[in-house]
Amino acid sequence: MLYDSIYTTNYSTSLEKISQVLKYLYTLSTNDLPLNPIVLIDNEVYGNIVELETRPENQCIFEAHETHIDIHYILEGIEGIALAHKEKLQRRTAYDCKKDIAFFDGSEDETLFLGPGDFIVCWPNDAHKVGIMDQTPSFVKKIVFKIKL
């Protein structure tokens with residue numbers, strides 16, 4: 001897991017595709033957002049703008065991937081994202097290879113609250129529970145990028 005703000009991170013990451021996404025997000029104007037999907041490299045690096053209402057953590061569920069890295073970048077609102085190593089969790093569903101997702105139950109290692117300009121990179125071992133409210137339900141707008149491994 002990597003957590004930072006788009007405004008303070010340096011882009012010297014050894015992973016070129018993550019660096020490419022971060023550079024793209026840094027130059028993005030929230031007043032002129034692109035249409036979905038956002039494709040930086042065909043079939044390898046793409047994203048979607050997602051809008052959601054946050055909810056209590058007990059209404060959220062862990063998900064994890066096997067073939068993609070996720071980058072969640074907050075445009076508006078505050079979103080809690082709980083994290084846990086997927087091997088510490090109990091599998092709720094079988095892995096769906098077409099959607100690259102499996103769902104899990106269990107306890108988080110930590111929960112981070114991200115605001116505008118914050119991002120989190122979730123590796124395949126990082127199960128993440130998204131859409132968690134801070135104090136009350138609220139609107140969140142974000143971009144979720146997928147990077148194929």
Side-chain angles (χ1 to χ4, degrees), residues 1-28 30 33-133 140-149:
M1 180 267 302
L2 171 67
Y3 167 66
D4 206 343
S5 169
I6 199 67
Y7 306 112
T8 60
T9 192
N10 77 34
Y11 302 106
S12 60
T13 179
S14 62
L15 296 175
E16 183 179 322
K17 291 176 184 174
I18 291 175
S19 181
Q20 183 178 2
V21 170
L22 296 179
K23 287 176 183 176
Y24 170 81
L25 291 171
Y26 183 77
T27 63
L28 187 67
T30 56
L33 293 173
L35 299 175
N36 285 335
I38 304 162
V39 179
L40 300 185
I41 301 174
D42 282 337
N43 299 315
E44 289 186 36
V45 181
Y46 53 92
N48 284 296
I49 296 171
V50 176
E51 296 180 351
L52 59 91
E53 281 288 320
T54 60
R55 55 201 182 281
E57 184 175 355
N58 64 2
Q59 295 178 16
C60 304
I61 185 171
F62 280 108
E63 64 180 63
H65 313 287
E66 291 187 12
T67 61
H68 288 81
I69 294 169
D70 273 5
I71 300 177
H72 295 253
Y73 175 70
I74 306 301
L75 297 165
E76 296 177 33
I78 303 292
E79 178 184 23
I81 298 179
L83 298 159
H85 193 284
K86 72 180 179 183
E87 299 305 321
K88 294 180 179 179
L89 303 173
Q90 299 78 44
R91 190 175 293 267
R92 178 184 272 208
T93 66
Y95 173 71
D96 182 334
C97 63
K98 289 183 181 180
K99 296 181 180 179
D100 183 38
I101 197 164
F103 295 99
F104 298 83
D105 293 315
S107 299
E108 68 278 353
D109 293 325
E110 65 181 318
T111 300
L112 302 171
F113 286 90
L114 288 72
D118 292 339
F119 68 89
I120 189 167
V121 179
C122 297
W123 309 98
N125 284 331
D126 296 323
H128 45 287
K129 188 188 299 187
V130 301
I132 300 170
M133 69 183 196
V140 170
K141 187 175 196 175
K142 67 181 181 177
I143 300 176
V144 179
F145 268 95
K146 300 282 192 179
I147 299 175
K148 187 173 184 178
L149 296 173

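Note: hydrogens, waters and symmetry copies are ignored here, and every other heavy atom, side chains too, is used.
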Tell me every residue that passes side-chain hydrogen bond (donor to acceptor under 3.5 Å, both in side chains) with [X], counting only those two or more places apart in sequence or in another chain.
X      : value
Lys86  : none
Tyr46  : His68
Glu76  : none
Asp105 : Arg92

So do the side chains of [X] and [Y] get within less than 4.5 Å of each other, counting heavy atoms only?
X      : Y      : result
Pro124 : Ile69  : yes
Ile49  : Ile38  : yes
Val121 : Val21  : no
Ile78  : Val140 : no
Tyr24  : Pro34  : yes
Ile120 : Leu112 : yes
Cys60  : Val130 : no
Asn48  : Asn36  : yes

Quick one: list whatever passes side chain to side chain contact (heavy atoms under 4.5 Å, CB included) with Lys98, sequence neighbours left out.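 Once residues adjacent in sequence are excluded, the partners of Lys98 under the side chain to side chain contact (heavy atoms under 4.5 Å, CB included) criterion are Asp96.
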Please answer whether the main-chain N or O of Glu66 pairs with a side-chain N or O of Asp100 as donor and acceptor at a distance below 3.5 Å.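 Judged by distance alone, yes, a pair lies under 3.5 Å.
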Main-chain N/O of Ile81 paired with Thr111 side-chain donor or acceptor, under 3.5 Å: no
Residues 141-149 side chain polar contacts: donor-acceptor under 3.5 Å, at least two apart:
{"residue": "Lys142", "atom": "NZ", "partner": "His72", "partner atom": "ND1", "Å": "3.0"}
{"residue": "Lys142", "atom": "NZ", "partner": "Glu79", "partner atom": "OE1", "Å": "3.0"}
{"residue": "Lys142", "atom": "NZ", "partner": "Glu79", "partner atom": "OE2", "Å": "3.0"}
{"residue": "Lys146", "atom": "NZ", "partner": "His65", "partner atom": "NE2", "Å": "3.4"}
{"residue": "Lys146", "atom": "NZ", "partner": "Asp70", "partner atom": "OD1", "Å": "2.7"}
{"residue": "Lys146", "atom": "NZ", "partner": "Asp70", "partner atom": "OD2", "Å": "3.4"}

Summary of salt bridge (Lys or Arg N to Asp or Glu O under 4.0 Å) pairs that have at least one residue in residues 53-62, sequence neighbours excluded: Glu57-Lys129
